[in-house]
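All heavy atoms count here, side chains included; hydrogens, waters and symmetry mates do not. So that the names make sense, note that chain A is the first sequence line, chain B the second, and so on, each numbered from 1. On a predicted model such as this, the values are computed, not experimentally measured, just so you know.
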There are 2 protein chains.
Amino acid sequence: MIKKEKIPKVTIHRMAVYLQVLEDLDREGEDVISSSKLAELCGVNPSQIRKDLAYFGEFGVRGVGYFIKDLIGSIKHFLGLDHVWNCAIVGIGNLGRAILRHKGLPYKGFRIVGAFDCDPFKIGEKVGELEIICTRRLKEKAKELKIEIAIITTPPERAQRAANHIVEAGIKAIVNFAPARISVPEDVIVDYVDFSTHLIYLSFNLARTKGKNI
Amino acid sequence: MIKKEKIPKVTIHRMAVYLQVLEDLDREGEDVISSSKLAELCGVNPSQIRKDLAYFGEFGVRGVGYFIKDLIGSIKHFLGLDHVWNCAIVGIGNLGRAILRHKGLPYKGFRIVGAFDCDPFKIGEKVGELEIICTRRLKEKAKELKIEIAIITTPPERAQRAANHIVEAGIKAIVNFAPARISVPEDVIVDYVDFSTHLIYLSFNLARTKGKNI
DNA sequence: ATTTTCTTGTGAATTTTTTCTCAAATAAAC
DNA sequence: GTTTATTTGAGAAAAAATTCACAAGAAAAT
Ligand SMILES: NC(=O)c1ccc[n+]([C@@H]2O[C@H](COP(=O)([O-])OP(=O)(O)OC[C@H]3O[C@@H](n4cnc5c(N)ncnc54)[C@H](O)[C@@H]3O)[C@@H](O)[C@H]2O)c1
Ligand SMILES: NC(=O)c1ccc[n+]([C@@H]2O[C@H](COP(=O)([O-])OP(=O)(O)OC[C@H]3O[C@@H](n4cnc5c(N)ncnc54)[C@H](O)[C@@H]3O)[C@@H](O)[C@H]2O)c1
């Protein structure tokens with residue numbers, strides 16, 4: 001289905017945006033959409049959307065556009081979202097708890113099945129449905145709970161240690177919220193979510209426009 | 001100082017990574033670093049770093065490298081981080097509270113000075129030092145507190161409404177955590193933080209490698 | 001039936017970004 | 001003091017991503 005060609009990371013990120021907008025349209029009862037209309041809603045160029053989709057196949061009808069329900073199904077399929085992924089959170093502090101309590105994730109295809117922390121005072125505590133488990137038991141629990149994705153929400157200086165546990169548990173995908181680079185074997189994918197990076201982007205732009213006005 | 005040339009967004013994002021790594025090095029007591037060493041730590045190409053820095057000026061010494069403290073100072077300066085930005089959070093739920101309680105932000109140059117929500121049961125409640133204020137009072141409070149950046153952490157279907165309040169309050173920069181596109185006037189910068197996009201990136205890669213192994 | 005109007009999918013052109021290469025600058029070694 | 005080691009900064013080259021342009025397919029209008 002997917003061409004052998006390397007698909008740019010930005011394409012995957014845009015795909016997630018298209019999906020979000022398409023699901024909104026579907027909820028509003030829309031049936032069909034053209035690339036130019038979708039492009040406007042997503043803030044991109046229409047051929048960008050067509051090129052992005054072309055990495056995965058042909059989904060439109062010439063002269064008509066895209067059938068929204070079908071396109072949602074196709075995108076979900078090639079992004080691997082026609083499957084529920086089991087996730088674990090490592091580091092149950094402010095952010096870890098917020099993610100655990102977040103209602104939106106299961107709907108998007110991600111289920112949090114394990115909550116891990118190294119603080120003995122937290123172990124055994126319940127957060128929602130889940131009981132906080134000692135990080136040392138990650139390996140054993142990863143098998144049992146079939147954990148496929150790990151989310152790191154420890155302090156930055158503990159991120160590498162958390163990553164080591166995760167790798168040892170045989171988990172091959174990590175989202176790291178801690179502002180620290182981690183090193184893992186080649187076959188483990190890491191994606192960084194750095195909140196301050198986004199604030200810095202705004203800071204840079206504000207500082208620049210301020211400068212201009214002087 | 002900054003050349004008139006358009007600076008790519010990815011450059012700013014990488015800049016934030018360089019800064020993070022440089023601050024770690026500084027804390028470890030390092031004085032000087034070469035672009036190739038820094039590149040290795042950041043997982044990029046050395047000339048990438050030199051090109052990125054060249055957008056802003058000349059900071060290195062040939063045959064030597066970069067003086068870490070000086071480079072941190074320069075990067076902070078041109079990213080606008082030699083100033084503390086006043087921020088407001090709009091939507092004090094799970095995520096809003098996590099950000100409010102997060103200790104790392106002030107150190108990075110961002111201070112949360114206002115917490116806003118529209119839920120009458122939450123208004124007046126204290127979260128840390130701050131009292132939750134009604135979103136309707138955002139305009140008045142934005143002036144008083146000199147709010148420069150707004151962080152949206154409302155449910156997605158409320159993001160546009162929150163954005164309208166923010167724009168009306170004269171705030172020119174928004175980080176939107178809600179998975180919904182918002183429309184704002186041209187002079188307002190919006191940056192989206194979409195957590196599920198990162199999970200989707202992992203999903204795509206896992207689905208692909210799984211497929212390969214079969 | 002034929003023409004007109006849309007809109008996709010894709011090769012070509014363009015633009016942007018990344019990487020390569022090397023002269024110039026600096027420090028250390030001899 | 002001269003040679004050798006490094007390492008930056010920047011122009012050139014290469015690679016990648018985006019946008020353009022249009023043939024081809026589909027529906028609506030005449
Ligand atoms: N809270 C936010 O809004 C926010 C925003 C952006 C980034 N972050 C980052 O996310 C991370 C977590 O932030 P937080 O505010 O939740 O911090 P926190 O201190 O509240 O929570 C950290 C948790 O990690 C646990 N922990 C420490 N070492 C561990 C280990 N080796 N294994 C498992 N658990 C471990 C601690 O016991 C604690 O419960 C930090 O790196 C922070 O910089 C947080
Ligand atoms: N919790 C997470 O870990 C997480 C992760 C990723 C994305 N998000 C996104 O962040 C947003 C917040 O998530 P949450 O879990 O904190 O939700 P939540 O429901 O706990 O909190 C939302 C808050 O926004 C307030 N609100 C609603 N409309 C408002 C308005 N017009 N003005 C001001 N406040 C308003 C509500 O009263 C509530 O307090 C959601 O869009 C969610 O999809 C959350």
Side-chain angles (χ1 to χ4, degrees), chain A residues 1-18 21-22 25 30-75 78 201 204, chain B residues 1-18 21-22 25 30-75 78 201 204:
Chain A
M1 155 135 262
I2 296 172
K3 291 179 195 173
K4 50 254 135 247
E5 208 178 335
K6 196 199 148 280
I7 297 168
K9 189 169 174 173
V10 278
T11 290
I12 305 302
H13 278 262
R14 278 195 301 265
M15 229 66 216
V17 175
Y18 304 159
V21 172
L22 286 166
L25 287 166
E30 297 288 326
D31 274 342
V32 185
I33 193 160
S34 67
S35 59
S36 55
K37 197 79 189 298
L38 181 59
E40 204 190 310
L41 294 171
C42 299
V44 301
N45 181 294
S47 16
Q48 179 84 84
I49 292 185
R50 301 203 295 271
K51 262 278 144 65
D52 283 341
L53 288 171
Y55 282 111
F56 303 97
E58 293 189 16
F59 307 101
V61 183
R62 292 175 185 209
V64 180
Y66 301 88
F67 291 101
I68 293 175
K69 278 198 201 303
D70 293 355
L71 187 54
I72 289 172
S74 305
I75 293 179
F78 59 67
Y201 176 69
F204 166 68
Chain B
M1 156 135 259
I2 297 171
K3 292 179 195 173
K4 50 252 138 251
E5 209 177 334
K6 196 197 148 280
I7 297 168
K9 190 168 172 172
V10 278
T11 291
I12 304 303
H13 278 262
R14 278 194 301 265
M15 229 68 216
V17 175
Y18 305 158
V21 172
L22 287 166
L25 288 167
E30 297 288 326
D31 273 343
V32 184
I33 194 161
S34 67
S35 59
S36 55
K37 197 80 188 297
L38 182 58
E40 204 190 310
L41 294 170
C42 298
V44 300
N45 181 294
S47 15
Q48 179 84 85
I49 293 186
R50 300 204 294 270
K51 261 281 142 62
D52 282 341
L53 288 172
Y55 282 111
F56 304 98
E58 294 188 16
F59 306 102
V61 181
R62 293 176 184 206
V64 181
Y66 300 89
F67 292 101
I68 294 176
K69 278 199 200 303
D70 292 355
L71 187 55
I72 289 173
S74 305
I75 294 179
F78 58 67
Y201 176 70
F204 167 69

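Between C:dT17 and B:N45, no contact under 4.0 Å exists linking OP1 or OP2 to a side-chain N or O. Look at A:Q48 and you'll find a side-chain N or O under 4.0 angstrom from OP1 or OP2 of D:dT19. Regarding contacts with the backbone of C:dT8, a side-chain N or O of A:R50 is found under 4.0 angstrom from either OP1 or OP2. Listed pair B:Y66 / D:dT6 fails the phosphate criterion, with no side-chain N or O lying under 4.0 Å from OP1 or OP2. When the side-chain nitrogen and oxygen atoms of A:R14 are compared with OP1 and OP2 of D:dT18, one or more of them lie within a distance under 4.0 Å. Proximity of A:Y55 to the phosphate of D:dT18: no side-chain N or O atom is located under 4.0 Å from OP1 or OP2.
In a base pair of the Watson-Crick type (N1 to N3 plus N6-O4 or O6-N4) or a G-U wobble (N1-O2 and O6-N3), with each distance short of 3.5 Å, D:dG9 is matched with C:dC22.
In this structure, A:L22 and A:I75 approach most closely via the heavy-atom pair CD1-CD1, 3.7 Å.
The distance between atom CZ of A:F56 and atom P of C:dG9, rounded to the nearest whole Å, is 14 Å. Separating the CG atom of A:L71 from the C1' atom of C:dT8 is a distance of 13 Å, rounded to the nearest angstrom. Rounded to whole Å, atom P of D:dT18 lies 7 Å from atom CG of A:D52. Separating the CD1 atom of A:I33 from the P atom of C:dT7 is a distance of 11 Å, rounded to the nearest angstrom. We find that CD of A:E58 is positioned 14 Å from C1' of D:dA23, with the value rounded to whole Å. At whole-Å resolution of the value, CG in B:D70 and C1' in D:dT8 are 15 Å apart. For B:L38 and D:dT8, the CG to C1' distance is 13 Å, given to the nearest whole Å.
Taking the six-membered ring where tryptophan is involved, the planes of B:F78 and B:F59 are tilted, since the angle between them lies from 30° to 60°.
Comparing atom distances between the A:K51 side chain and each of C:dT19, D:dT19, D:dA26 picks out D:dT19 as nearest. Of the candidates C:dG9, D:dT8, D:dA26, the closest approach to any side-chain atom of B:R62 belongs to D:dT8. Among D:dA17, D:dA26, C:dT17, the nucleotide with an atom closest to any side-chain atom of A:P8 is D:dA17.
D:dA14 takes the anti form, because its glycosidic angle lies more than 90° either side of 0.
The residue among B:G60 and A:K9 whose nearest nucleotide of DNA chain D lies closer to the 5′ end is B:G60. If you find the closest nucleotide of DNA chain C to A:G63 and to B:V10, the one lying nearer the 5' end belongs to A:G63.
Residue contacts for B:S47: at a heavy-atom cut-off of 4.0 Å it reaches a base atom on one of the strands shown. No contact: B:T11 has no heavy atom under 4.0 Å from any strand.
Put simply, the residue from A:I49, A:V10, A:I7, A:L53 that forms a side chain to side chain contact (heavy atoms under 4.5 Å, CB included) with A:M15 is A:L53. For the side chain to side chain contact (heavy atoms under 4.5 Å, CB included) criterion with B:L38, the lone passing option out of B:S36, B:S35, B:S34, B:C42 is B:C42.
For A:K9, the NZ atom sits in a packed shell: over 12 heavy atoms of surrounding residues, nucleotides or ligands are nearer than 6.0 Å.
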